[in-house]
2 protein chains.
Amino acid sequence: MDNETITIYDVAREAGVSMATVSRVVNGNQNVKEATRRKVLDVIERLDYRPNAVARGLASKKTTTVGVVIPDISNSYFASLARGIDDIATMYKYNIVIANSDGDDDKEINVVNTLLAKQVDGLVFLAHDLSDKIRAEFSRTRTPIVLAGTVDHENQIPTVNIDYALAAKDATLELAKNSQKIALVSGPMINAINGKERLSGYQEALRESNQTFSEGLVFETKYSYNDGLKLAERVRASGATAAVVTDDEVAVGLLNGLVGLGVDVPNDFAIISANNSVITEFTRPALSSIEQPLYDLGAVSMRLLTKMMNKETIDEKRVILPHGFVKRGSSK
Amino acid sequence: MDNETITIYDVAREAGVSMATVSRVVNGNQNVKEATRRKVLDVIERLDYRPNAVARGLASKKTTTVGVVIPDISNSYFASLARGIDDIATMYKYNIVIANSDGDDDKEINVVNTLLAKQVDGLVFLAHDLSDKIRAEFSRTRTPIVLAGTVDHENQIPTVNIDYALAAKDATLELAKNSQKIALVSGPMINAINGKERLSGYQEALRESNQTFSEGLVFETKYSYNDGLKLAERVRASGATAAVVTDDEVAVGLLNGLVGLGVDVPNDFAIISANNSVITEFTRPALSSIEQPLYDLGAVSMRLLTKMMNKETIDEKRVILPHGFVKRGSSK
DNA sequence: TTGTAAGCGTTATCAT
DNA sequence: ATGATAACGCTTACAA
């Protein structure tokens, strides 16, 4: 008695046409007489018919859904990217299915496979680095994939990034104007591609400003406020008088930690953060920061993906978006 | 030549069994001889066969996907909820398709419909309030729906919330210990259900502490840092000496705005925020805050949804999670 | 402009 | 324990 699934067939019968015709009007095909269209539309309205996207997906081999693999949606950095992705996806009539990976290799492989099983039309992949295992998974499929905010050192997969090395270099150079001992505070993956890039930019800046590189000035930490806070003591003990920090939350923690220790920021210690997310404005002094177009990184990667799904020819598979620098109170 | 879609049929032929048998082993059906299972599994491995979830969904009428309608995934409040939702979803083998609504009625209706068209097995709906239009959409479908962090004043739809009125009352009472003029800074929807609840809690607290309610002490604003910042002047001009703020970002803005105006927080002005998200620790002084179990709100609502999708009987359709209070430097 | 019918890749119901 | 075969609800040639 609860058997009320209205199908295209019901509409066809009720409107006195074939299901092909109904399909045509539903899909906006022009080859339908205006009178018939009206009639069909009427019945659709009356029966409250809604096309079943699953059946449609099976028949057309298109799901109008893309997968988004993301380390942690509750991290504001990734959340901003995700918003950019969804807005463009929506614009092109796609939905996104989001899967958190925690940056864990096995989880990544897992979710990529279930997403592919669900026949997503494309995949946007965000991670801290690209493991060989996940690369192997990628090579098994013909589903279009683009990396957003994630460097591929093998240059195999289309990516949308900023120039992380240059950004780190710029920030370091900025600090070198006033400081002789500049620390680099990086995420847990200094050996990851993304971290490597930043490290090399940092080192290059040191060379150009005739400062010597020292392992003791490089700090690795997890991406959280508390980790930054805890790090303050060690950083001060290192004798550094400035730091480039690759994560905003960590930078806030470091700043608050140092200030809590009685350090005068920016006079005794200068800080430049990396993402210019809104939280850089929350602190006192506010954080100077490299400016990353987070939303755009997501938006552009999704746009790129639409082109790939559409089999358009891609002129440039490695998009580099410009970054900037915003000077606030934490540096001189 | 690129015609390499491996189907269950290919596996069947290759293994010398029927597709029914292949389907059985893929689905872990016990009625398969161990030898046959092995043989089939072998072929699956060799052919690198992956079941097509879309076809499966059409045949079984289950997609193992749930829709999540969310105002803005880049807002840390909602992002935390989303993470809770996804973790539990994953635990129960569901994927989530997320759609941003910007809290806009029309967009909400839109995405709900496309989600339903995609045959999601269930829906988690987050919003600032529940419009009649969206309620009408909900009543048209038999797909299970639960509201997370969203009050339904008609008590029709299962919800998972905290007691917003009580939380606002608690915070106001806390401030009333030291202040005689307490402002309420609310989101754009003071007339929305959620806002109404908070307003009533605020008013109740005023009555209990013998303070008079004044329209001039209620401020509405959008949910952003800059809106809070801009509000500082007006709030100070109102003569208020304390404020309950219903959004963390706005609270940070208000705090920084007041401090920038030379106001001594907490001595001349006390602030209590609402969500205890991590940003409450970023400011100086740090923000006292109502403590909401954001992640749990998401997790519990998803758990509730799994029960509904599973047609289990639900004992309590209106779950209220406990809230707390964290005292920091912004209040005395 | 419209209709017919063959898929799409599974699950599920009967038989056997 | 296994196999045929009919759905599932739609798209898409191909005809007419």
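Chain naming here is simple, since letters A, B, ... match the order of the sequence lines and numbering starts at 1 in each.
B:Asn27 has its CG atom 9 Å from the C1' atom of C:dT10, to the nearest Å. One atom, CG of A:Asp10, and another, P of D:dG9, lie 9 Å apart when rounded to the nearest Å. Straight-line distance from the NZ atom of A:Lys39 to the C1' atom of C:dT2: 11 Å, rounded to whole Å. In this entry the distance linking CD1 of B:Ile6 with P of C:dG9 reads 11 Å, nearest Å. Rounded to a whole Å, the OH atom of B:Tyr9 is 12 Å from the C1' atom of D:dA4. Rounding to whole angstrom units, CG of residue B:Asn31 and P of C:dC14 are separated by 16 Å. Summarising the geometry, the separation between CZ on B:Arg13 and C1' on D:dA4 is reported as 17 Å, rounded to the nearest angstrom. Atom NZ in A:Lys118 sits about 15 Å away from atom C1' in C:dT10, given to the nearest Å.
One finds a side-chain N or O of B:Lys61 lying less than 4.0 angstrom from the OP1 or OP2 phosphate oxygen of D:dG9. Between A:Ser18 and the phosphate of C:dG3, there is a side-chain N or O to OP1/OP2 separation shorter than 4.0 Å. Here A:Asn52 does not reach the OP1 or OP2 of D:dC8: none of its side-chain N or O atoms lies under 4.0 Å away. Contact between the side-chain N/O atoms of A:Thr36 and the OP1/OP2 oxygens of C:dT2 is found at a separation under 4.0 Å. Close to D:dG3, at under 4.0 Å from its OP1 or OP2, lies a side-chain N or O of B:Thr21. Note on B:Ser60: every side-chain N or O is 4.0 Å or more away from OP1 and OP2 of D:dC8. For the pair B:Ser23 and C:dT10, the criterion of a side-chain N or O lying under 4.0 Å from OP1 or OP2 is not met. Regarding contacts with the backbone of C:dT10, a side-chain N or O of B:Tyr49 is found under 4.0 angstrom from either OP1 or OP2.
Checking D:dC8, C:dT11, D:dC10 against the side-chain heavy atoms of B:Leu58 singles out D:dC8 as nearest. In the set D:dT12, D:dT11, C:dT11, the nucleotide with an atom closest to the side chain of B:Met19 is C:dT11. The side chain of B:Thr5 has C:dG9 as its nearest neighbour among D:dG9, D:dA1, C:dG9.
Here A:Val17 lies in heavy-atom contact (under 4.0 Å) with sugar-phosphate atoms only. Counting non-hydrogen atoms under 4.0 angstrom, B:Arg50 reaches the backbone sugars and phosphates but no base.
Contact check for B:Asp105 versus B:Ile134: no side-chain heavy atoms found under the 4.5 Å cut-off. With a 4.5 Å cut-off on side-chain heavy atoms, B:Lys118 and B:Thr65 do not count as touching.
For A:Glu34, the CD atom sits in a packed shell: over 12 heavy atoms of surrounding residues, nucleotides or ligands are nearer than 6.0 Å.
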Side chain to side chain donor-acceptor pair (under 3.5 Å) for B:Tyr92 and B:Asn310? Distances and angles first, verdict last. CA-CA 11 Å; B:Tyr92 286 89; B:Asn310 215 21; over 6 Å; no
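The base of C:dG3 lies close enough to the side chain of A:Arg24 for a donor and an acceptor atom to sit less than 3.5 Å apart.
Not counting sequence neighbours, the partners of B:Pro71 by the side-chain contact (heavy atoms from CB on, under 4.5 Å) test are B:Phe78, B:Ser101, B:Leu126, B:His128.
The minimum heavy-atom distance linking B:Asn27 with B:Arg56 is given by the pair OD1-NH1, 3.1 Å.
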